[in-house]
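Remember, it's a predicted structure, so these values are computed and weren't measured experimentally. For reference, positions follow the sequence shown, starting with 1.
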Amino acid sequence: MTVPLVGRVIPVIEDRYVDIEFGTGCLKVTPAHDVNDYNLGKTHNLETIDIFNPDGTISEAAGMYIGMDRNDVRRQIAADLQDAGLMDHIEDYENKVGYSERNPDVAVEPRLCMQWYLSMQHFADIALPPVLDGKIKFHPQKYVTTYRNWLENIDDWCISRQLWWGHRIPAYYVDGVKTDGDEQFVVAMDAEEALAKAKAKFGDHITAADLRHDEDALDTWFSSWLWPISLFDGINNPDNDEIGYYYPTADLVTGPDIIFFWVARMIMAGEEYMGDVPFRNVYFTGIVRDNLGRKMSKQLGNSPDPIGLIEKYGADGVRMGMLLAAPAGNDILFDESLCEQGRNFCNKMWNAFRLVKGWETADIQQPSVNSHAVAWMQAQIRTAAAEIDDLYGKYRLNEALMAVFKLFTDEFSGWYLEMIKPEYDREKNCPKPLDKATMDATLDIFEQLMKLIHPFMPFITEELYQHIAERKDGDSIMVSTLRLDTPTEQDARLIAIYEQGKQVISGVRAVRQQKNISPREPLILEAPQAADSVAVLLSDTIVKMAGLSEIRQVGKKSEGTQSFLVGTDEYAVPIGSLIDAEAEIRKAETEIQRLQGFKTGIEKKLGNERFVQNAPAQVVELERKKLADAESKIAALQETIRSLKA
């Protein structure tokens with residue numbers, strides 16, 4: 001095939017890269033001016049002809065339009081083809097053209113030029129074993145496969161960049177000296193060393209004026225791969241005390257998008273120049289994306305202003321909100337509600353502290369409810385701290401944060417503070433004082449919680465730490481020590497007992513809500529007869545938290561009660577005189593009618609032989625379960641009606 005105007009004969013090739021549905025289905029390949037075309041050219045051994053000068057004008061290699069600007073030539077070619085009768089038709093279509101991030105009016109076009117490369121096979125060979133053998137551990141582990149695939153299919157590294165900043169390529173060309181048409185050069189640290197090498201290689205007639213320093217700069221990652229070493233002057237002074245102490249470090253925290261650009265190359269440099277890896281663990285964070293799944297960038301303008309977020313939600317609020325939604329290696333779809341959740345937790349901590357500090361104390365005997373609650377909360381903290389420590393060791397940081405978040409919100413705020421909360425003195429119209437032993441224990445518990453939360457939320461925990469007690473100058477939560485005993489079997493038993501107790505309390509509260517009984521109305525709880533039942537072990541706590549007048553151990557529940565199960569134990573609340581029996585009967589009868597209609601429909605379906613024979617077995621079984629559930633609910637409602645009428 002002959003190229004119009006130029007008259008150059010070119011081959012016709014076949015390749016799956018070409019989309020036959022686009023345009024004519026044929027593609028003109030220009031290996032010197034397009035990255036994909038360049039790869040096609042290498043595959044098919046095509047001739048590479050560079051028709052551009054460095055300034056974007058047409059070079060002599062083009063054979064025509066020499067010296068013209070490339071954009072002018074594009075318009076001129078169209079006119080010349082039309083004049084020559086070679087233009088069939090003109091058609092508009094969208095093309096993917098890259099534009100400069102700094103100047104959006106300027107198109108960025110590839111151009112073939114000489115580049116410096118680093119042979120990488122040796123580096124791949126020394127960087128792969130440490131990760132595969134576990135000398136360096138990746139968190140999450142899935143990135144080991146990604147790392148291995150890249151190193152096993154390594155390409156040489158283009159280390160030169162056409163930039164105005166960065167470390168200059170340490171190469172000096174010798175003007176006037178060529179071999180087979182190629183410029184000759186020497187590699188040296190400075191011009192003086194370069195001149196000495198050039199004279200030794202090409203003759204004493206070479207002068208400094210004959211040397212030309214390569215204008216390219218080293219790739220940014222080429223400088224960065226030395227970071228763990230150069231940070232402590234390990235290149236110039238390899239045996240100094242600092243690098244001996246700090247190298248290798250323990251952990252590297254980074255994003256998975258630079259696992260090749262930086263992580264792998266630091267490992268290569270460490271093994272090559274230090275004889276050891278630069279770190280022992282790599283924790284890969286997720287990448288924050290917008291709600292469309294796009295990576296946040298200045299170019300897209302889809303990144304929120306972090307300073308604005310901090311001003312609105314606080315630094316700790318932003319940190320916590322992002323960390324809760326950031327499991328290792330998984331991307332985060334950013335939503336401001338995450339930061340709002342973090343701010344709300346800050347408010348919760350502050351308000352809990354204000355509540356505790358607002359209680360008056362007195363030197364009175366500690367109630368059993370409080371002493372038991374303190375023991376339980378301390379057991380919860382020891383157990384949670386052990387869990388959090390284990391999660392830290394596994395680099396599951398968001399799960400560690402969730403564990404301490406639940407410890408504070410659910411156990412401490414939701415239950416513990418309610419257990420020890422002073423009762424209200426209606427005669428004096430104010431809360432009764434809290435015993436001093438419980439207050440001291442609670443402040444100690446609060447301090448322990450702040451130390452557990454501090455790594456995730458450093459600012460508010462520091463502020464609260466300073467308010468918990470008088471501190472010496474320089475005393476900070478950052479340098480304070482959290483010493484906790486290892487959780488014991490007794491801790492586990494105590495926590496299990498309280499979990500059952502919480503279910504009993506929740507069951508009584510559910511009865512109040514369902515039957516619209518006032519929280520101030522004292523209730524009686526009927527509990528199973530057992531010496532080791534939770535109703536006996538935590539009787540004082542259950543009475544206080546559930547608003548009971550007493551707990552009765554019975555062999556059989558009374559008439560007119562509302563029952564609930566905790567495990568296999570049945571508890572009952574007598575409610576006969578506390579509710580509108582007629583209204584409850586009507587409500588139950590209405591629900592029975594609804595369930596009977598539902599039951600009739602299922603019975604018809606199961607009575608259909610075609611359905612039973614043709615439907616999948618699991619579908620038929622599900623319908624039978626629905627029927628059994630409906631019958632059970634009807635029987636329970638009928639029992640309720642009978643009890644209410646008694």
Side-chain angles (χ1 to χ4, degrees), residues 1-117 155-156 158 160-164 173 178 180-183 214-217 294 297 299-301:
M1 178 179 288
T2 303
V3 178
L5 300 182
V6 181
R8 182 180 294 115
V9 177
I10 59 173
V12 177
I13 62 174
E14 291 181 322
D15 197 283
R16 292 182 179 180
Y17 170 76
V18 181
D19 182 5
I20 61 174
E21 301 298 327
F22 180 77
T24 62
C26 296
L27 175 69
K28 178 175 67 66
V29 178
T30 53
H33 304 295
D34 181 88
V35 175
N36 295 315
D37 287 4
Y38 178 76
N39 291 328
L40 281 172
K42 286 202 303 182
T43 301
H44 297 279
N45 297 316
L46 302 179
E47 184 181 7
T48 300
I49 304 172
D50 185 4
I51 66 167
F52 285 155
N53 292 316
D55 62 358
T57 58
I58 304 302
S59 69
E60 294 184 1
M64 56 193 308
Y65 307 118
I66 298 169
M68 290 181 63
D69 182 84
R70 68 194 187 286
N71 292 317
D72 294 336
V73 173
R74 285 164 181 157
R75 289 187 288 269
Q76 186 62 47
I77 283 179
D80 291 347
L81 287 171
Q82 211 154 13
D83 292 342
L86 298 173
M87 184 77 77
D88 182 75
H89 69 283
I90 297 175
E91 179 181 332
D92 291 334
Y93 64 91
E94 290 186 5
N95 197 4
K96 296 178 182 179
V97 178
Y99 282 82
S100 170
E101 181 179 322
R102 296 178 178 271
N103 187 349
D105 295 329
V106 175
V108 177
E109 301 181 54
R111 175 180 174 265
L112 191 67
C113 58
M114 296 294 291
Q115 302 284 0
W116 291 90
Y117 282 81
D155 287 328
D156 289 340
C158 178
S160 54
R161 293 291 182 270
Q162 291 70 55
L163 301 171
W164 290 107
Y173 294 99
K178 291 187 177 182
D180 297 329
D182 293 332
E183 291 183 293
D214 194 302
E215 294 180 350
D216 288 356
R294 300 175 302 176
S297 69
Q299 185 176 2
L300 291 175

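Expressed to the nearest 0.5 Å, how far OG1 of Thr30 lies from CG of Leu46 amounts to 10.5 Å. Atom CG of Asp214 and atom CD of Glu183 lie 9.5 Å apart (nearest 0.5 Å). Atom CG of residue Asp37 and atom CG of residue Leu112 lie 12.0 Å apart, to the nearest 0.5 angstrom. Here CG of Asp216 is found 6.0 Å from CD of Gln115. Values are rounded to the nearest 0.5 Å.
A side-chain hydrogen bond (donor to acceptor under 3.5 Å, both in side chains) check over residues 47-66, counting only residues at least two apart or in different chains, returns the pairs Asn53-Thr57, Asp55-Thr57, Tyr65-Asp80. Residue pairs satisfying the salt bridge (charged side-chain N to carboxylate O under 4.0 Å, His left out) criterion with at least one member in residues 104-113, sequence neighbours excluded, are listed as follows: Arg70-Glu109, Arg74-Glu109.
Under a cut-off of 6.0 angstrom, the local environment of CG in Leu86 is crowded, with over 12 non-hydrogen atoms contributed by other residues, nucleotides or ligands. Counting heavy atoms of neighbouring residues, nucleotides and ligands inside a 6.0 Å radius, atom CD of Glu215 does not exceed 12 of them.
Annotation: side chain of Val3 is not in contact with side chain of Lys28 (no heavy-atom distance under 4.5 Å).
Residue Asp34 comes nearest to Pro110 through the heavy atom pair CA-CG, 4.0 Å, listed as atom of the first residue, atom of the second, then distance. Nearest heavy atom pair, residue Gly41 against residue Pro31, reads CA-CG, 4.3 Å.
For Tyr38, there are no ring pair (Phe, Tyr, Trp, His ring centres under 6.0 Å) partners at least two apart in sequence or on another chain. In terms of the salt bridge (Lys or Arg N to Asp or Glu O under 4.0 Å) criterion, residue partners of Asp72 (sequence neighbours excluded) are, by chain and number, Arg75. Annotation: salt bridge (Lys or Arg N to Asp or Glu O under 4.0 Å) contacts of Arg16 (sequence neighbours excluded): none.
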Return a table of donor-acceptor pairs under 3.5 angstrom between the side chains of residues 7-15 and protein atoms on other chains or two or more places apart.
residue	atom	partner	partner atom	Å
Asp15	OD1	Tyr17	N	2.8
Asp15	OD2	His44	NE2	2.9

Starting from the C-alpha separation in whole Å, work towards a yes-or-no answer on side chain to side chain contact (heavy atoms under 4.5 Å, CB included) for Phe52 and Ile58.
CA-CA 5 Å; Phe52 285 155; Ile58 304 302; 3.7 Å; yes
